[in-house]
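Shown next, in structure tokens, is the structure this report addresses.
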Amino acid sequence: IEQQLLEQFEAKIAADDKIEPKDWMPEAYRANLIRQMSQHAHSEVIGMQPEGNWLSRAPNLHRKMVLLAKVQDEAGHGLYLYSATETLGITRDEMVTAMHQQRAKYASIFNYPTLTWADIGAIGWLVDGAAIVNQISLQLTSYGPYSRAMIKICKEESFHQRQGYNILIKLCEGSEEQKAMAQDALNRWWWPSLMMFGPHDRESAHSQRSMGWKIKRKSNDDLRQKFVDQTVPQAEFLGLKIPDSDLAWNAQRGHYDFGDIDWREFERVINGNGPCNRERIRHHKRAQDEGAWVRQAMAAYDIKQAGQRVA
Ligand code: 3HC
């Protein structure tokens, strides 16, 4: 019977049908999705910290309002993705505990500090820009709830990228000091943004199986290349220099060639030893503890409501 179920599953994947929560699926497919989707959700929630750091420091009320809207969107994306992951049979508490115990990851990029206001521009332009390249591809993922979450999230991400790029346009049109701030942010955020796409395909632990199950529709290197090709002209428009002396247009390939990523830094950061890893987890644990009373009150309310319905 299992063989039949597996054949039906594989036929659905081959036909680009979506796998839904109640469908039979191989346990390894379920586990891979729980891994990737929960880490995606953690990334959205932890990503609120570096950006939230500038809510009280935004240069004017308009920028503060836009940043507030963006941070609030990230929270919503996280909740949306946690709910989509729960359809695979894991609870919110189990996912959050796994992150607190560093058994689950979140995007390495959020372990870097936001030192100046220009960083908020660079995050919107580069980090949300990279996330959009990745998430547009993930709209076609084979798991229904994840695909639908991506379609909704992609609609909001373009505003995130545009507001970031707009911050940098303003800085680059400003004083020499402001332009230098934008260049400094690009220097610090460029390479960690390329790392968001994961290791090279040949070193990727999951890509082959994820591509076979159509969880991943485009490879890490293809998406990274797409991001570089679309971002270099945007840096040129700003009059900023990308910190990569090997970056050059390759007419043969029809793509930009670029330098080697520092994978030792990548490994350090994804294994808990980046600039802000401890702070991010400590902050999340504190927020989780401070919010415990709200969760308890909601649970008590649900029990009371259920009691009244029965009575
Ligand atoms: N940060 C942290 N961990 C990373 C990583 C990164 N940038 N890139 C890869 N890894 C981890 C993988 O999770 C995996 O570790 P694990 O086995 O413990 O999960 C290991 O490195 C090997 O990498 P693989 O390429 O084999 O792993 P994947 O097939 O999962 O590919 C991925 C990595 C492309 C990031 C894929 O997981 C993915 O597409 N995830 C969904 C997208 C996502 O998480 N985006 C977060 C960006 S931030 C964001 O969206 C917020 C936005 O609003 C700014």
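These values consider heavy atoms only, across backbone and side chains, with no hydrogens, waters or symmetry-generated copies. Indexing begins at 1, ligand by ligand and atom by atom, following the structure's order.
- Partners of D184 by salt bridge (charged side-chain N to carboxylate O under 4.0 Å, His left out), not counting sequence neighbours, listed by chain and number: R188.
- Under the rule for a side-chain hydrogen bond (donor to acceptor under 3.5 Å, both in side chains), the partners of Q101 that lie at least two apart in sequence or sit in another chain are R103.
- For N187, the side-chain hydrogen bond (donor to acceptor under 3.5 Å, both in side chains) partners at least two apart in sequence or on another chain are Q183.
- Within 4.0 Å of ligand 1, contacts by protein heavy atoms are made from R35, Q36, Q39, H40, S43, E44, E74, K105, Y106, A107, S108, F110, V127, D128, A131, N134, Q135, L138, Y146, E157, M195, M196, F197, G198, P199, S204, A205, H206, K216, N220, F266, I270.
- For Q72, the CD atom is loosely surrounded, since the number of other residues' heavy atoms within 6.0 Å does not exceed 12.
- Applying the 6.0 Å contact sphere to CZ of R57 captures more than 12 heavy atoms from other residues, nucleotides or ligands.
- To the nearest 0.5 Å, atoms CZ (R202) and OG (S207) are separated by 12.0 Å.
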